[in-house]
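The structure under discussion appears below in the form of structure tokens.
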Amino acid sequence: DTDTNCFTDADLSVLGQDWLTYKSYIEAIRREYAIYRDVIYKPGRKKVIEHFLWMEEIFKTEPFFAKYEQQARINLARELEELRQ
């Protein structure tokens, strides 16, 4: 429904921020999952990123889609590439 989509889009808006803000976000995620070595963490994180990239639209509401979709896809693709290195 609309309320759920707005709430979810607001939560995911960090995906569409500038790269430095997004980089801080992914560093915080890594700290949150620090108990897992890279051999476990990286495949799981890749799976999450690929899930978002495979979605037809990450953001379900027009205002969030218009503002964040393109940058979110750029950020996610960049993170995925970094994880593959």
Side-chain angles (χ1 to χ4, degrees):
D1 67 32
T2 303
D3 289 342
T4 301
N5 287 340
C6 285
F7 178 81
T8 303
D9 281 359
D11 188 48
L12 294 177
S13 67
V14 68
L15 302 178
Q17 301 299 316
D18 64 275
W19 174 251
L20 291 178
T21 302
Y22 182 77
K23 182 80 169 160
S24 293
Y25 163 74
I26 61 177
E27 289 168 353
I29 290 173
R30 185 64 185 107
R31 284 191 303 275
E32 182 179 348
Y33 291 95
I35 61 169
Y36 300 104
R37 296 186 343 233
D38 281 349
V39 70
I40 301 295
Y41 175 79
K42 285 185 175 185
R45 184 67 186 162
K46 286 178 194 175
K47 193 173 188 177
V48 168
I49 293 168
E50 288 168 346
H51 168 78
F52 281 113
L53 290 174
W54 289 334
M55 294 173 71
E56 189 172 322
E57 294 181 348
I58 296 169
F59 298 95
K60 306 304 180 199
T61 62
E62 176 54 33
F64 282 92
F65 180 86
K67 186 170 184 177
Y68 297 115
E69 185 80 16
Q70 183 177 1
Q71 187 62 46
R73 291 186 177 280
I74 291 168
N75 289 339
L76 290 163
R78 184 172 177 181
E79 181 185 1
L80 185 59
E81 185 60 34
E82 288 185 4
L83 287 168
R84 289 179 173 156
Q85 296 176 1

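Residue pairs meeting the ring-ring contact (aromatic ring centres under 6.0 Å, His included) criterion with at least one partner in residues 8-37, sequence neighbours excluded, are W19-Y22, Y22-Y25. Screening residues 19-30 for salt bridge (Lys or Arg N to Asp or Glu O under 4.0 Å), with sequence neighbours left out, gives K23-E82, R30-D38. Sorted by first and then second residue, the side chain to side chain donor-acceptor pair (under 3.5 Å) pairs involving residues 56-69 (not counting sequence neighbours) are D9-T61, E69-R73.
The side chain to side chain contact (heavy atoms under 4.5 Å, CB included) check on T2 picks up C6, with sequence neighbours excluded. Not counting sequence neighbours, Q17 has no partner by the side-chain hydrogen bond (donor to acceptor under 3.5 Å, both in side chains) test. Every side-chain hydrogen bond (donor to acceptor under 3.5 Å, both in side chains) that D18 has, sequence neighbours left out, goes to T21. Residues satisfying the side chain to side chain contact (heavy atoms under 4.5 Å, CB included) criterion with R37, sequence neighbours excluded, are V39. Residues that satisfy the side-chain hydrogen bond (donor to acceptor under 3.5 Å, both in side chains) test with Q70, not counting sequence neighbours, are absent from this structure. Judged as a side chain to side chain contact (heavy atoms under 4.5 Å, CB included), and not counting sequence neighbours, D11 has no contacts.
Under the 4.5 Å side-chain contact rule for hydrophobic residues, M55 and F7 do not share a cluster. Note on L20 and I74: separate hydrophobic clusters, where clusters join Ile, Leu, Val, Met, Phe, Trp and Tyr whose side-chain heavy atoms are under 4.5 Å apart, directly or indirectly. Residue Y41 is grouped with residue V48 when hydrophobic side chains (ILVMFWY) are merged at heavy-atom distances under 4.5 angstrom, including chains of intermediate members. Hydrophobic clustering, with ILVMFWY side chains joined whenever heavy atoms are under 4.5 angstrom apart, keeps W54 apart from I49.
Electrostatic pairing of E32 and R45 does not count as a salt bridge here, judged by no charged N lying under 4.0 Å from a carboxylate O.
In this structure, F64 and S13 approach most closely via the heavy-atom pair CE2-CB, 4.1 Å.
Residue T8 holds its OG1 atom at 10.5 Å from CZ of F59, rounded to the nearest 0.5 Å. Rounding to the nearest 0.5 angstrom, the gap separating the NZ atom in K47 from the CG atom in L80 is 14.0 Å. Rounded to the nearest 0.5 Å, atoms NZ (K46) and CD (E81) are 10.0 Å apart.
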